[in-house]
Amino acid sequence: MLRKEKVIKVVDGDTFFTDRRKHPVRLANVDTPEKRQPGYAEAKKALECLISGQEVTVDTQARDVYNRAIAKVKVGAKSVNAAMQKYQK
């Protein structure tokens, strides 16, 4: 199901919170570095620049063990998942 939601916080390069969910959203098929790993700050900054404060379209594909939505995400017509591929571990 597609939902338009406003991004309120970026956690890292593949996870963020929106104004409509209590659990974060994780980008499907994207695995960026975690905190204290090389490339973390660059990936987080890239995602912040792309979606922070923006309205995004969230297409939930599944849920993980932490109840995060695993989703395909777009800002306008641009795929956030595709844009973040270059920051993968």
Indicate the atoms forming the closest heavy-atom contact of Gln85 with Asn29, along with that distance.
NE2-O, 2.8 Å
Give, for atom NZ of Lys44 and atom CD of Glu34, the distance between the pair rounded to the nearest 0.5 Å.
12.0 Å
Looking at every heavy atom in both Ala43 and Pro33, which two are closest together, and how far apart are they?
CB-CD, 4.4 Å
Other than Phe16, what residues sit in its cluster of Ile, Leu, Val, Met, Phe, Trp and Tyr side chains whose heavy atoms are under 4.5 Å apart, directly or through others?
Val7, Val10, Val25, Leu27, Val30, Leu47, Leu50, Ile51, Val56, Val58, Val73, Val75, Val80, Met84, Tyr87
Asp59 side-chain N/O to Lys72 backbone N/O, donor-acceptor pair under 3.5 Å:
no
Gap between atom OG1 of Thr57 and atom CG of Leu2 - 0.5 Å precision
6.5 Å
What are the two closest heavy atoms between Thr15 and Arg68, and how far apart are they?
OG1-NH1, 4.1 Å
Can you confirm whether Lys89 is buried at NZ, in the sense that more than 12 heavy atoms of other residues, nucleotides or ligands lie under 6.0 Å from that atom?
yes
Is there a side-chain contact between Asp31 and Arg26 in this structure, where contact means two heavy atoms from C-beta onward sitting under 4.5 Å apart?
yes
Check whether any side-chain heavy atom of Arg21 lies under 4.5 Å from a side-chain heavy atom of Thr60, and answer yes or no.
yes
Residue from Lys6, Lys9, Glu5 passing side chain to side chain donor-acceptor pair (under 3.5 Å) with Thr18
Glu5
Give the minimum heavy-atom separation between Ala82 and Ser79, together with the two atoms involved.
N-OG, 3.1 Å
Heavy-atom closest contact (Arg63 atom, Ala69 atom, distance)
NH1-N, 3.4 Å
